[in-house]
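Structure first, commentary second.
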2 protein chains.
Amino acid sequence: MAKKQIYLLDRIDRHLLTLLNDNSRVSLKELAQHIGMSAPSTTERLRKLEDAGVLLGYRVEIDPVVLGYGLTAIVRIRQLPGQLQKVEALIREIPEFIECDKVTGEDCFIARLLLQDIGDLEPIMARISEYAETNTAIVKSTPVKRRLPPLHQ
Amino acid sequence: MAKKQIYLLDRIDRHLLTLLNDNSRVSLKELAQHIGMSAPSTTERLRKLEDAGVLLGYRVEIDPVVLGYGLTAIVRIRQLPGQLQKVEALIREIPEFIECDKVTGEDCFIARLLLQDIGDLEPIMARISEYAETNTAIVKSTPVKRRLPPLHQ
DNA sequence: AATGAAAGTGTTTATCC
DNA sequence: GGATAAACACTTTCATT
């Protein structure tokens, strides 16, 4: 399998992606004005970034706290022998797990968990603990909120 | 300080947020058609979700791999005595750290790090290691990509 | 809180450079 | 790869329920 081709961004691509990450519902006209191009050229730039797979999609950022999820936890999970599939399926099924990575090292999964309050931790973790050892850290603050990858020249 | 008021979503709010998270550049007309309302009512719904702080913004999803970041690492960081500010500042300054949470427990920070290849790990971690003990796990796969919080009734 | 219709504005297509 | 201009489509405002 050939290595995936890297897409080289120019100054305008970087500007476009940054503007869209500030507000992806911005109008094409406004985008075009900011980058100093015509609207059709701006459309064409976006199409290329999408076709190349750089721009995977346009999402929303939602505040979990306003929806009642006052706590975020980061859970490290090491499944018991033979339980990898079961643990992975559980994490997928429990919607409070909003992200999960499988990693190298002694932990096998690292997952991000939303909780309404600390009382919700135990019932959720009890479901996992049948099949895995876990380590839970509660998020106190977030010095760096999810940001874009570095967009080099 | 009073507890932040929780915003109760109805069926239409949940539908709107889901549609926007699939494609936040969708037109108001299309949004309105999907939820079975007029365009002005849809605008008003969005405005309320924004004003209530549920909808924090409209972002893009970018594929780091296509930009050359073939590796993701999750780094746990425990600063040496008196070095908390320095460690936090370093993580903020290094753009390859795309997210960082401060957590309870023996680790102090958990951060997500993008790397072009494994050779880039050492120079970045060397900068941190002057001020902290670290533990790095390489992401092998992502069973759950970042998804929306559960949107209950 | 929502609608329909008109006025205002933005987007797309076609053509050219 | 980008620009202009005309045709087309969408969004916002307003009056109404």
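Quick note on labels: first sequence line is chain A, next is B, and so on, each numbered from 1.
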### Message
Does C:dA1 have OP1 or OP2 under 4.0 Å away from a side-chain N or O of B:Arg45?
### Response
no

### Task
May I ask you to list the residues of residues 27-43 of chain B, by number, that have any heavy atom positioned under 4.0 Å from an atom of DNA chain D?
B:Ser27, B:Leu28, B:Lys29, B:Ala39, B:Pro40, B:Thr43

### Message
Does B:Arg47 form a salt bridge (Lys or Arg N to Asp or Glu O under 4.0 Å) with B:Glu50? I'd like the steps, not just the answer.
### Response
CA-CA 5 Å; B:Arg47 194 196 54 72; B:Glu50 289 167 359; over 6 Å; no

#### Entry: For DNA chain C, the residues among residues 52-62 of chain A that have a non-hydrogen atom under 4.0 Å from it
none

Looking only at atom types and distance, does a side-chain atom of [X] sit under 3.5 Å from a main-chain N or O of [Y], one as donor and one as acceptor?
X       : Y       : answer
A:Asp13 : A:Asp10 : yes
B:His15 : B:Arg11 : no
B:Arg59 : A:Asn21 : yes
B:Arg25 : A:Ser24 : yes
A:Ser27 : A:Glu30 : yes

### Members besides A:Ile118 in its Ile/Leu/Val/Met/Phe/Trp/Tyr cluster (side-chain heavy atoms under 4.5 Å)
A:Leu71, A:Val75, A:Ile77, A:Leu84, A:Val87, A:Leu90, A:Ile91, A:Ile94, A:Phe97, A:Phe109, A:Leu113, A:Leu115, A:Leu121, A:Ile124, A:Met125, A:Ile128, A:Tyr131, A:Ile138, B:Val144

Length of the line joining [X]:[atom1] and [N]:[atom2], which is rounded to integer Å:
X       : N      : atom1 : atom2 : result
B:Arg25 : D:dA9  : CZ    : C1'   : 15 Å
B:Leu46 : C:dA1  : CG    : P     : 15 Å
A:Ile12 : D:dG2  : CD1   : C1'   : 10 Å
A:Glu44 : C:dT11 : CD    : P     : 16 Å

### Query
When you check the gap from the basic side-chain N to the acidic O, do A:Lys102 and A:Glu88 get nearer than 4.0 Å?
yes

### Task
Identify whether any heavy atom of B:Arg47 sits under 4.0 Å from a base atom; if not, whether one sits that close to sugar-phosphate; answer base, sugar-phosphate or nothing.
nothing

